[in-house]
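I have placed the structure first, in the form of structure tokens, so that the comments after it can refer back to it.
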Amino acid sequence: MTDWQPLAASLAEQLQLPPAEVRATPVYGGDINQAWKLELGNYEFFVKLNRPERLPMFDAERAGLEAIRSSASLRVPEVFLTGQMAGHAFIVMEFIELAGQADAGRLAVALAAMHSRYNDLFGFYADNTIGSTAQVNTFNHDWIDFWRRHRLGFQLELAARND
């Protein structure tokens with residue numbers, strides 16, 4: 001996507017931002033999507049691009065991030081837009097500058113708090129992906145059965161098919 005103007009215009013309209021110069025800088029680190037830091041004046045966004053047929057992946061990512069965000073347990077970026085434009089599917093979210101040391105203990109406590117917030121069912125209302133691999137999230141009352149079918153079992157079946 002070389003012409004960032006349509007996406008910038010959609011963001012500016014949705015967020016009621018003043019007119020500003022658009023600047024896009026590649027962000028490196030992943031291999032599934034193209035990643036960009038998009039600047040509109042003083043506002044910074046993180047944009048991921050992929051093929052148009054990957055839009056459901058971004059919609060599911062949005063649903064997951066919004067659910068995590070609503071749990072108030074972990075700091076995750078706010079998602080502003082998902083859609084298709086100029087031959088790409090995209091997701092636009094808040095740009096968070098990552099810095100400092102990770103704290104595995106605090107992350108474990110926050111993840112436990114997030115997972116205990118919802119209900120007694122295991123799963124999620126939307127299937128999503130882990131990387132580019134489908135991840136089934138059908139609700140289940142039993143954690144062991146959920147894990148066996150939809151996490152470990154699914155990965156083992158996938159590995160056997162790709163052997």
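Across all non-hydrogen atoms, the minimal contact from Ala89 to Gln84 is CA-CG, 4.1 Å. The two residues Met85 and Pro6 come nearest to each other via the heavy atoms SD-CB, 3.3 Å. For the pair Ala24 and Trp4, the tightest heavy-atom approach, listed with the atom from each and the gap, is CB-NE1, 3.3 Å. Taking all atoms of both residues into account, the shortest heavy-atom contact from Asp142 to Ile144 is OD1-N, 3.1 Å. Pairing each heavy atom of Ala63 with each of Tyr125, the nearest pair is CB-OH, 3.3 Å. Of all the heavy atoms in Ala113 and Ser73, the pair that sits closest is CB-CB, 4.2 Å.
When only modelled atom types and interatomic distance are considered, Asn33 and Arg51 share no side-chain donor-acceptor pair under 3.5 Å.
Counting heavy atoms of neighbouring residues, nucleotides and ligands inside a 6.0 Å radius, atom CZ of Phe46 exceeds 12 of them. No more than 12 heavy-atom neighbours from other residues, nucleotides or ligands sit within 6.0 angstrom of CG on Asn42.
Salt-bridge check for Asp59 with Arg62: failed, with every basic side-chain N at 4.0 Å or more from each acidic carboxylate O.
Distance check: Met93 CE to Glu61 CD gives 4.5 Å after rounding to the nearest 0.5 Å. One distance of note links NE2 of His88 with CZ of Phe58; it measures 9.5 Å at 0.5 Å rounding. Residue Leu49 holds its CG atom at 11.0 Å from CD1 of Ile91, rounded to the nearest 0.5 Å. The structure places CG of Leu17 at 7.0 Å from CG of Leu11, a figure rounded to the nearest 0.5 Å.
Judged purely by atom type and a 3.5 angstrom limit, Gln135 has no side-chain atom pairing as donor or acceptor with the backbone of Ile130. When atom types are taken as modelled, the side chain of Glu94 and the backbone of Glu78 share a donor-acceptor pair closer than 3.5 angstrom. Under a 3.5 Å cut-off, the side chain of Arg151 and the backbone N or O of Val136 do form a donor-acceptor pair. The main-chain N or O of Ile32 is found under 3.5 Å from a side-chain atom of Asn50 such that the two form a donor-acceptor pair. Of the possible polar contacts, one joining the Gln14 side chain to the Phe80 backbone as a donor-acceptor pair under 3.5 Å is found. Looking only at distances, no side-chain donor or acceptor of Asn137 sits under 3.5 Å from a matching main-chain atom of Gly123.
Relative ring orientation between Phe146 and Phe122 is described as tilted, the plane-to-plane angle lying within the 30° to 60° band. Between Trp143 and Trp147, the ring planes are tilted. Angles from 30° to 60° get that label.
Transitive grouping of hydrophobic side chains (ILVMFWY, heavy atoms separated by less than 4.5 Å) brings Ile68 and Leu107 into a common cluster. Both Leu40 and Leu15 belong to a single network of hydrophobic side chains, linked directly or stepwise wherever heavy atoms of I, L, V, M, F, W or Y lie under 4.5 Å apart. Under the 4.5 Å side-chain heavy-atom criterion for ILVMFWY residues, no single connected hydrophobic cluster contains both Ile96 and Leu65.
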Please step through side chain to side chain contact (heavy atoms under 4.5 Å, CB included) for the pair Glu39 and Glu21, ending with a clear verdict. CA-CA 8 Å; Glu39 297 174 76; Glu21 181 181 340; over 6 Å; no
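Tested against Val92, the residues Thr82, Val79, Leu38, Val47 include a single side-chain contact (heavy atoms from CB on, under 4.5 Å) partner, Val47.
Counting heavy atoms from C-beta on, the side chains of Val22 and Leu7 never come closer than 4.5 Å. Residues Pro77 and Phe45 are not in side-chain contact: their nearest non-hydrogen atoms beyond the backbone lie 4.5 Å or more apart.
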